[in-house]
Every structure is written in C-alpha cells, then in structure tokens.
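Mind having a look at this structure? Questions to follow.
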Amino acid sequence: MIENLPKTYNPKDFEDRLYKYWIDGEYFVAHVDENKKPFTIMMPPPNVTGNLHLGHALNNTIQDILIRWKRMEGYEALWLPGTDHASISTEAKVVEKLKAEGKSKEELGREGFLEEAWAWTRKYGGNINNQLKKLGVSCDWSRERFTLDKGLSNAVEETFIRLYNKGLIYKGDRIINWCPNCRTAISDAEVDHEETLGSIWYIRYPLKGEEGFITIATTRPETMLGDLAIAVNPEDERYKHLIGKKAILPLVNREIPIIADEYVEMEFGTGAVKITPSHDPNDFEVGERHGLGQCIIMNERAIINENGGKYEGLDRYEARKRIVEDLKKENYLVDVKDHDNSIGHCERCKTVVEPLISKQWFVKMEPLAKPALDVYKEGKLNFIPERFGKIYTHWLENIKDWCISRQLWWGHRLPVYYCEDCDEIMVSKEKPEKCNKCGSTKIYQDPDTLDTWFSSALWPFSTLGWPEETEDMKYFFPTDVLVTGYDIIFFWVIRMVFTSLEQTGKVPFKDVFLTGLIRDSQGRKMSKSLGNGIDPLEVIEEYGADALRFTLVTGNSPGNDMRFYMERVEANRNFANKLWNATRFVLMNLDEDIIDKSINSNYLEEEDKWILSRMNTVIDEVTENLEKYEIGLSAQKIYDFIWDEYCDWYIEIVKPRLYGENIKSKETAQIILLHVLENVLKLLHPFMPFITEEIWQHLPERKEALIISTWPVYKEENNYPEAEKRMSYIMNAIKGIRNARQEMNIAPSKKAKTIFVTQDENIKDILNYGRRYFINLASAEEIEIIEDKTTIGEDNISVVLDRCEVYIPLKNLIDFDKEIERLEKDKDKLEEELKRVRDKLSNEGFVTKAPEHVVEGEREKQKKYEDMMEKVLERLEALKSSK
RNA sequence: GGGCGAUUAACUCAAUGGUAGAGUGUCAUCUUGACGUGGUGAAAGUUACAGGUUCGAGUCCUGUAUCGCCCACCA
C-alpha cells in the first residue's frame with residue numbers, strides 16, 4: 001500500500017521540517033563548479049535589526065523563485081544572503097534605548113556606545129534571518145555576510161583609499177543637509193521633500209547713509225541673522241541705482257552690501273533677495289561668487305548660536321517667532337503672505353533638515369556617472385520594467401557630489417588620519433606611526449563614519465571576497481539579476497553600478513527587476529503610525545508560506561504597486577488544498593506495480609494524450625514566461641493547468657478507468673496521473689516550495705529531493721495536437737449539455753437519454769469515442785448517434801453544437817416557453833458573432849491585407865455559425881409550431 | 001516647473017495588434033466513493049474621454065480629465 005497524505009492540508013505540519021531537511025541536505029550551498037554555469041543573485045541585505053515586512057517577503061519570494069528555477073535547470077545557483085548595519089537607523093534605535101535607561105551616547109563615549117550597539121545587533125540580528133527562513137528562502141547561509149564583517153570592512157577601506165588616491169574623494173566646506181535630530185550630515189538622496197503651506201515674509205532693510213529701504217521676501221526670516229548681502233538682478237531697473245551701496249540688517253544692525261547676481265529672478269517676490277551663504281545652497285554659491293564669507297548662526301541642534309546676538313539659545317522656530325515679532329514691533333515687516341514651498345525632511349526621522357555649511361567628505365560623481373550611463377546605453381544593464389531606465393539616466397545626468405561622511409559612531413570609520421601638529425591628512429587602513437609631513441607622532445583618526453550606502457554599494461562583490469581574487473569572485477561575479485524595490489534605485493542600484501564599474505570594471509548585474517510597493521486593501525502605504533501593516537509571519541502562521549508567496553507574485557506586474565488582500569491569500573491556500581487533495585486521490589488509486597512502469601504510447605487513450613500535450617505546452621510557456629521575468633503569468637498558468645485541466649477535467653474523466661476492469665487502461669491512467677503530477681510539482685516548486693516538496697516526498701520511490709530535481713522540458717513525443725482538438729470538441733459538447741440542463745433545472749443526478757445528430761463522419765467518430773465521457777460528465781445514458789432527427793419528438797432539450805445537435809428527451813419535463821427562451825438566447829449570441837464575422841469578411845481591406853490564416857479562420861467561423869444558426873432557427877420554429 | 005505611471009466586470013488585478021480573462025463577491029444548483037478550503041452553471045464590460053494610425057486598437061500615436069508617484073535651488 002502506498003503511504004497517503006493526511007486528509008487536510010496543514011502547512012504548519014511540515015514547513016519548518018522541510019526547511020530543516022533542505023538545510024541538512026545542503027541544497028542551498030553553491031560550489032564553484034567549472035562544469036556548470038553559475039547563476040548568482042545577491043540578496044538585498046535587510047537592516048540587521050529590522051523585522052520582515054511584506055516588501056521583504058515579495059522581494060525574496062521573487063528571488064527564491066528565480067534561484068530555485070535556475071537550480072532545477074542545472075545552473076550552479078548562488079543566492080547570497082546577509083544583513084546591513086544600517087548606520088543611522090541602528091544608531092538611532094540604540095540611542096533611544098539608552099535614553100530610556102537614562103543614559104546618553106556622550107556619557108558612554110565612543111567605545112562604550114559601540115559595545116552597546118554590538119550587543120543590540122547580536123540580540124536582534126538573527127531575527128530577520130529566522131523570519132526569512134519561514135518564507136522558505138533557499139539562500140546559501142554558509143556564505144552569509146554582514147556589512148561590518150572584517151572582509152567587507154576591508155573592501156570599504158580599500159575602495160575609499162582607491163577613490164581618494166584617484167582624487168575622486170575629497171574633503172570640503174560645502175552646504176550639506178543636516179539633520180538636527182540625528183545630528184549628522186545626510187546625502188541629498190536621504191532628504192524627502194514635502195510641499196507644505198507656509199508663509200513668505202516681506203521685510204524692509206534700511207539703506208545705509210540715505211533715506212529709504214530695500215524690501216526682500218523670505219520664507220525663513222530667522223536666517224537673516226546670518227545675512228551677508230542683499231542681491232538683485234543686474235538687469236533690474238528698479239534696483240540698479242542701489243547696486244554697490246549698503247543696507248543695514250535690522251535687529252542686528254550689521255552693514256551688508258547690495259550686490260548684483262544673475263541668480264535673482266526679477267519676477268519673484270520683490271526682486272531682492274537676502275543672502276545667507278552658510279544656510280542656503282543657492283546663497284552659498286552667490287556668496288562664493290562675491291567673496292562674502294560665512295556667518296553660521298545655528299549649532300548642530302539647530303539652536304541659534306553666539307552669532308545670533310540676543311536670539312542665542314533659541315530653537316530655530318522659536319527664533320523665527322521672536323524675530324518676526326521684533327520686526328513687526330520695529331516696523332520692518334511689510335507683509336506676510338501664504339506661500340507653498342517644498343521642505344526637506346530627514347528620510348529617517350522626518351525632522352526638517354537644515355542646509356548648513358560644514359566640512360564633510362564627498363565623492364566626486366561626474367567621472368563615475370559617465371561609465372554608468374554608457375553601460376546602460378550599450379544595453380549591458382536592463383531594467384524590468386524598462387521605464388526605470390529613464391529614471392536611472394535622468395539621475396545620473398543630473399548628479400551631484402555625494403556626501404559620504406556621517407557624524408555617527410555605528411558604521412565604517414573613515415580610514416583618514418590627521419596630524420595634530422600640522423593638520424596633514426593621511427589616508428590609510430592602519431594608523432600611521434608618524435606624520436608624513438612633519439614627523440609628529442600626534443596622530444588621530446577622523447571621528448566620522450561612512451554613509452551606510454557606501455558599503456552597500458560594494459555588496460555584489462565585497463560579499464565574494466573582493467578585493468582578493470577569490471575563486472568565488474572569479475566564478476560567481478558578475479551576478480545575474482538584482483531584485484529590489486524601485487524606491488531604492490537612487491540609494492543603492494545606481495551606486496552599485498558605478499562603484500562596481502570603477503572597482504571591478506564590470507557591471508555588477510545584467511538585469512534589475514524592480515518590484516512595486518505593497519499597500520493595504522485601501523491603497524494606503526503600510527506604516528506603523530497607521531497601524532495598517534500586515535505581518536508576513538502572521539499570514540504564514542494562518543495560511544502557510546506557500547499561499548503567501550503565491551499571493552505576492554500573482555495579480556500584479558513588475559514595478560507596479562499592489563494591494564494586499566487576505567482574501568487572495570485564502571484563495572491561494574485553497575489552491576494548495578486542491579493540489580493536496582488531488583494528490584491524495586492519485587495516491588489512493590495507485591497500484592504499487594505501476595510505479596516502475598513508464599508511459600507506453602500504444603496504450604494511451606485520447607484524454608491521456610490530451611493532458612500530456614497540454615502539459616507539454618504549459619511547460620514550454622511557463623519556462624518562457626520565467627525567462628522574461630513574467631513571474632505572475634507563469635504562476636497563473638500553472639494554477640490554471642492544475643485546477644482546471646488536471647483536477648476538473650482529467651481526474652474526473654479518468655475515474656471510471658480507475659474503478660474499471662480494463663487492466664491496461666487502468667494502469668495507463670495511473671501512470672499518467674502520476675507522471676503529470678510529478679511534472680506539475682516541479683513547475684510549481686519554485687512558487688510553492690513547501691507543499692510541492694512535501695507531496696513529492698510522499699510519492700512512491702522518491703530518490704532525491706524535489707528541490708534538486710530536473711526542470712521539465714518540452715518534448716516532441718508528448719505533442720498530440722489531434723487529441724487536443726478531439727478532446728476540446730468533447731469538452732465543449734459536455735459544457736453545452738451541462739449548461740442547457742442546468743438552465744432547464746434538470747439535476748445532474750437525473751440521468752437522461754442523449755441523442756447526438758450529425759452527418760459528419762469525423763464528428764461521429766469523436767462522439768463515438770467519447771461515449772463514456774458523456775455518461776460520466778454530462779449525466780447522459782443510452783447514448784445514440786444518429787443522422788436523421790425526424791423521428792425525435794419535440795419533448796426535448798436541444799443543444800446546437802458545431803456540426804452536431806444534441807437532443808435530450810425528457811417527456812413532460814420540458815417547459816416549452818423556457819426552452820424557447822433559452823434557444824432565443826443562443827440565437828442572439830450567434831447573431832452577434834455572425835455579424836462580427838460577416839462585417840470582417842465583407843471588409844475588402846481585411847480579406848486582402850490580413851494574414852491568410854486569420855482570414856481563413858474567420859471564414860471557417862462564419863460557416864460554423866451559419867450552420868449553427870440554421871439549426872437553432874429550425875428548432876425554434878418546430879418548438880413554436882408544436883406549442 | 002519637468003518626468004513617469006494608472007484609469008478594463010461590484011472589488012482587486014491580468015491580457016505577444018486578431019472573438020476582453022482570472023480571483024474574490026453575487027445568484028442558482030449539487031450530501032457523485034480527492035477536496036464544501038469543493039463540484040456544476042449563470043449574471044456581470046461603450047476597456048476614463050476625444051481624435052488619429054491600421055484591414056483590425058484595451059494594446060501604437062496625439063490631446064483632455066481624474067488619481068498617484070518621482071525629480072527640481074526659485075528666495
């Protein structure tokens with residue numbers, strides 16, 4: 001007896017067990033094997049202390065599908081996992097924890113803080129990996145990396161030094177984005193702009209040595225404390241006479257020059273602009289051009305400093321309030337108007353960022369951007385969907401230097417040392433013994449750390465041992481595809497490309513598959529504050545990982561946002577249950593002695609050929625869809641094949657053979673049931689790895705795990721177009737009969753005599769062959785196939801098919817009005833179809849220009865519909881006259 | 001101010017230029033020996049709008065509307 005499955009599908013019974021089974025079998029571990037082609041994916045490293053959310057689940061499901069598929073196709077598949085130290089985010093969490101304990105970063109000092117951060121990382125660091133395992137990810141845990149690992153840190157330092165030595169990293173005083181809450185500089189990409197309704201204040205500045213004022217407009221009055229000039233457009237007739245003169249800065253009483261600069265738009269505001277070089281990027285440039293110098297008025301917490309005079313110690317917004325009040329009091333405020341403007345917020349903590357002049361480290365982007373643009377133009381880098389290529393190009397064409405230093409402790413410390421005596425800068429991995437320049441031994445390291453994305457940018461190769469020339473590096477790099485969300489194209493994708501081109505000379509991946517965002521059922525972003533987030537682990541707990549995975553990859557397309565519905569998860573769980581029970585059916589009808597037998601084409605019946613042929617097509621299409629990254633389509637095709645064709649048709653058709661006396665027929669049915677099931681399990685495995693492996697393990701004589709079985713391929717010997725045609729005729733006939741019977745309220749249990757009328761020898765042959773199908777699937781009994789319908793009375797349900805009519809005599813059960821109504825409906829449908837076909841065929845353009853097979857197809861349809869129409873009309877007339 | 005996307009059944013979404021599909025929901029029906037997490041059947045569409053290209057358009061082009069996203073230094 002063959003071991004059977006439990007009666008109900010319960011994923012919790014086996015998902016964890018199977019994951020352990022795969023791990024124990026080392027199926028996820030990749031090896032350098034010159035006889036095989038490599039296929040590599042680098043998992044986008046989640047934050048080390050993060051938790052799995054649906055975005056991760058989507059991403060990793062897609063990667064797992066690709067990697068499992070390629071593994072089965074015979075590639076040496078490496079999927080390398082790991083985590084990111086997430087400098088700013090982790091540091092913020094640790095600071096918060098310390099705060100709750102009444103401690104601060106500063107109290108602990110750098111060493112103490114880092115100890116706390118490592119403790120935190122060790123405590124929460126494993127979480128996300130364990131959560132990923134629940135999802136079934138088949139990544140190579142033996143190669144797991146962390147961005148702060150020794151090797152990866154070495155790669156970071158190496159890269160920094162190389163770029164520095166090439167002059168591509170520099171230190172400079174520049175306007176950067178400062179987060180007063182995180183108290184660090186952040187890059188442009190880390191600033192979120194938000195349109196906000198604010199005010200614009202019109203302030204008049206008295207002229208020096210003469211009567212009158214010059215009125216400026218500003219959205220940030222508090223920055224006037226740092227004003228070093230007023231600028232007007234050189235062409236502006238209103239102000240030409242004032243250029244070169246001086247004005248008095250109200251409240252502060254500083255003399256500032258009135259200068260001319262092209263940057264000023266005459267149409268905006270009053271046409272005169274206050275210039276605050278230390279607190280605005282444009283003003284900074286104006287200041288540079290006119291040698292205005294600097295006046296910094298805020299500290300790292302955005303609190304007014306000693307340069308702010310009496311406003312010193314006030315928060316920036318408090319200062320604004322007070323300054324506006326004072327201006328009003330002293331009659332400098334001319335007007336206040338509503339004004340929309342776009343305000344930058346820290347991507348991490350949402351605090352309004354402060355543009356601030358500061359000494360920071362930058363990567364010079366222009367020379368790096370060029371090759372990254374070229375490889376895209378040369379087609380060496382593809383985006384799925386393609387439209388993201390434009391976003392990539394646009395960003396690179398308008399790129400600005402990348403601020404990479406952060407005033408944080410958790411991260412890669414800059415490999416930069418200074419001489420205390422002569423300020424010489426020394427860039428090296430180790431601390432220099434003495435100063436290169438003056439020989440002093442008073443050397444200290446730069447306190448700053450690097451932007452997290454600087455190390456992430458190296459991920460595709462630092463993980464493989466670069467800069468060492470490791471075997472892994474030579475074999476697995478460059479990688480094949482990157483799967484990530486479109487929201488981190490700027491942060492990550494682009495930076496990986498230019499960094500890899502610069503350091504390795506290679507594009508790090510051929511394809512970039514971009515996923516959309518997952519939203520809640522109302523289309524809102526999932527967020528903690530809204531409380532609408534869905535925990536993937538809870539979904540897995542209730543419905544199983546396979547149902548979740550299937551939900552995430554169906555019903556959406558790459559790069560488009562999707563809404564998440566529990567109902568869909570449930571539907572996919574039901575699909576798993578369907579497959580589970582189909583397997584139970586197959587297993588309970590399997591005789592042990594068929595297990596070793598292979599398919600003998602001599603014994604194949606029509607439905608066997610049909611299902612083999614259909615399976616063959618599905619194999620072909622699914623593979624093709626996967627190659628084009630059409631994951632949702634491929635999943636849908638497998639779903640439809642399993643449910644509609646295998647379960648609803650093939651299993652139902654084959655039942656009588658399984659219970660019948662004909663041994664050969666019975667055996668063949670069993671062999672085909674098992675054969676198709678095996679192939680379907682393989683096709684479905686990348687999408688639903690757990691249930692398929694579990695079922696596979698219950699099939700007789702399993703020698704190897706499904707995860708390493710061979711991906712099915714199209715086979716010409718399984719191609720049976722004729723059987724497909726004949727079966728589809730029969731299936732259509734069955735549907736027609738079922739439909740008519742249901743509409744006439746004839747219960748399926750009411751078996752009825754069924755008479756087919758046809759003069760077509762071919763159809764006769766098909767129907768004759770298909771007798772048992774009708775008996776079992778269309779509630780037919782006493783099937784007759786005749787040529788002449790004149791002897792049949794009127795007391796029938798009748799169905800008009802292609803080249804055939806079906807009569808089901810049901811004496812005294814037929815409601816003539818209802819039967820007429822039903823046929824009228826058929827008539828209407830046929831009329832519509834006929835009109836469409838006739839219009840087409842009477843269009844000369846169509847007949848002459850459309851491809852021959854399309855025209856021929858329409859002609860055949862016309863003939864068919866005309867014939868059917870004639871029969872329907874005859875029947876209608878007969879019914880009406882006999883009423 | 002630029003750029004991009006979306007608009008298809010009640011809802012959520014699919015659909016290589018050739019008769020618009022699915023899931024969910026709805027209605028009817030079935031205790032048939034895998035599955036009620038099921039079977040069978042039905043109803044449900046001017047593919048946002050207006051033009052154009054084409055023998056033929058949900059699909060390609062132009063414009064409009066609505067919604068959404070991204071980028072951008074206009075004080």
Side-chain angles (χ1 to χ4, degrees), chain A residues 4-5 7-9 175 193 200 216-220 223 231 263-265 267-276 280-285 339 341-342 355 385 387-388 390-391 394-395 398 486-487 489-490 516-517 521 523 543 547 551 554-557 559-565 567-568 570-589 624 628 630 632-633 636 639-640 647-648 651-652 655 659 735 738-743 745-749 776-777 779 832-833 836-837 839-840 843-851 853-855 857-858 861:
Chain A
N4 211 335
L5 296 163
K7 186 162 181 175
T8 43
Y9 164 66
I175 289 271
H193 290 274
I200 185 163
I216 56 91
T218 179
T219 54
R220 304 200 50 205
T223 62
Y263 150 73
V264 183
E265 304 258 342
E267 294 73 27
F268 192 92
T270 62
V273 195
K274 62 194 267 315
I275 300 295
T276 321
D280 181 280
N282 297 308
D283 292 8
F284 175 79
E285 283 173 26
H339 184 72
N341 73 6
S342 148
R387 66 172 186 274
F388 288 103
K390 272 187 204 166
I391 293 176
H394 182 257
W395 169 270
N398 296 283
Y486 63 72
D487 51 333
I489 294 177
F490 304 135
L517 261 46
S521 57
Y543 297 102
T551 304
T554 49
N556 66 69
S557 47
N560 288 341
D561 293 356
M562 70 178 290
R563 295 188 191 200
F564 192 87
Y565 278 82
E567 292 89 332
R568 290 191 53 234
E570 196 177 333
N572 289 318
R573 190 274 316 267
N574 294 351
F575 168 60
N577 183 66
K578 185 76 183 176
L579 175 64
W580 185 266
N581 280 290
T583 305
R584 288 182 60 229
F585 174 82
V586 172
L587 290 181
M588 72 178 58
N589 286 290
E624 204 181 306
K628 292 194 275 186
E630 292 164 345
L633 278 182
Q636 193 61 51
Y639 179 102
D640 291 342
C647 293
D648 288 348
I651 286 180
E652 292 306 323
K655 275 179 179 172
Y659 310 139
K735 281 188 220 166
R738 279 173 175 171
N739 173 342
R741 289 178 52 117
Q742 284 250 3
E743 298 234 318
N745 287 328
I746 311 297
S749 54
N776 286 287
L777 303 174
S779 305
E832 254 176 66
E833 290 302 316
R836 195 188 54 78
V837 177
D839 283 355
K840 249 186 172 173
N843 180 338
E844 198 153 327
F846 175 76
V847 180
T848 52
K849 290 191 182 172
H853 70 275
V854 176
V855 179
E858 293 297 320
K861 277 180 216 160

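Chain identifiers are assigned alphabetically (A, B, ...) following the order of the sequence lines, protein sequences preceding nucleic acid strands; residue numbering begins at 1 within each chain.
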Would you mind classifying the nucleic acid contact of G516(A) as base, sugar-phosphate or nothing, using non-hydrogen atoms under 4.0 angstrom? nothing

Please list, pair by pair, any protein nitrogen or oxygen found under 3.5 Å from a nitrogen or oxygen in nucleotides 53-61 of chain B.
residue	atom	partner	partner atom	Å
C55(B)	OP1	K849(A)	NZ	2.2
C55(B)	O4'	G845(A)	O	3.3
C55(B)	O2'	N843(A)	ND2	2.6

Using a heavy-atom cut-off of 4.0 Å across all strands, would you classify F268(A) as base, sugar-phosphate, or nothing? base

Candidates A34(B), U40(B), A42(B) - which lies nearest the side chain of R738(A): U40(B)

Within a strict 4.5 Å, meaning less than it, do heavy atoms of the V855(A) and K840(A) side chains meet? no

Scan T583(A) against the nucleic acid and name what it touches under 4.0 Å (heavy atoms): base, sugar-phosphate only, or nothing. nothing

To the nearest 0.5 angstrom, please state how far the CD1 atom of I200(A) sits from the CZ atom of R220(A). 13.0 Å

Could you work out, with salt bridge (charged side-chain N to carboxylate O under 4.0 Å, His left out) as the rule, every residue matching E285(A), not counting sequence neighbours? none

Donor/acceptor link under 3.5 angstrom from E652(A) side chain onto base of A34(B): yes

Which nucleotide, U12(B), A34(B), A75(B), lies nearest any side-chain atom of C647(A)? A34(B)

Please list each protein N or O that sits under 3.5 Å from an N or O in nucleotides 36-38 of chain B, with the distance.
residue	atom	partner	partner atom	Å
U37(B)	O4'	N574(A)	OD1	3.0
U37(B)	O2'	N577(A)	ND2	2.8
U37(B)	O2	R573(A)	NE	3.0
U37(B)	O2	N574(A)	OD1	3.3
G38(B)	OP1	N574(A)	ND2	3.1
G38(B)	O3'	K578(A)	NZ	3.1

For R563(A), answer base if it contacts any base atom (sugar-phosphate contacts may also be present), sugar-phosphate if it contacts only those atoms, and nothing otherwise; contact means non-hydrogen atoms under 4.0 Å. sugar-phosphate

Measuring from the side chain of Y639(A) (C-beta onward, heavy atoms only), which nucleotide among G23(B), A34(B), U19(B) has the closest atom? G23(B)

What interatomic distance, in whole Å, is found between C1' of C73(B) and the corresponding atom of U16(B)? 45 Å

Measure from the side chain of V264(A), starting at C-beta and using heavy atoms only, and say which of A75(B), A15(B), A34(B) lies closest. A75(B)

Pick base, sugar-phosphate or nothing for K274(A), based on heavy-atom distances below 4.0 Å to the nucleic acid. nothing

Pick base, sugar-phosphate or nothing for H339(A), based on heavy-atom distances below 4.0 Å to the nucleic acid. sugar-phosphate

Base, sugar-phosphate or nothing for K861(A)? Non-hydrogen atoms, less than 4.0 Å. base

For the side chain of F490(A), counting heavy atoms from C-beta on, which of C70(B), C73(B), U40(B) is nearest? C70(B)

Short question: side chain of R573(A), backbone of A547(A) - any donor-acceptor pair under 3.5 Å? no

Between K628(A) (NZ) and A15(B) (P), how many Å, whole number? 11 Å

Quick one: stems involving RNA chain B, counted as three or more successive Watson-Crick or G-U pairs, both distances short of 3.5 Å. B:1-7 with B:65-71, B:10-13 with B:21-24, B:26-30 with B:38-42, B:48-52 with B:60-64

For residues 577-587 of chain A, which side-chain donor-acceptor pairs fall under 3.5 Å, sequence neighbours excluded?
residue	atom	partner	partner atom	Å
N577(A)	OD1	N581(A)	ND2	3.3
W580(A)	NE1	P6(A)	O	2.9
N581(A)	OD1	R584(A)	NH1	2.8
N581(A)	ND2	N577(A)	O	3.0
T583(A)	OG1	L579(A)	O	2.8

Between the protein and nucleotides 1-4 of chain B, list the N/O to N/O atom pairs that are separated by less than 3.5 angstrom.
residue	atom	partner	partner atom	Å
C4(B)	OP1	K390(A)	NZ	3.4

For L517(A), report the nucleic acid contact type (base, sugar-phosphate, nothing); a contact means any heavy atom under 4.0 Å. nothing

Could you give the distance from CG (N572(A)) to OH (Y639(A)), rounded to the nearest 0.5 Å? 6.0 Å

As a test of reading the structure: which of A42(B), A14(B), G33(B) is closest to the side chain of E743(A), going by heavy atoms? A42(B)

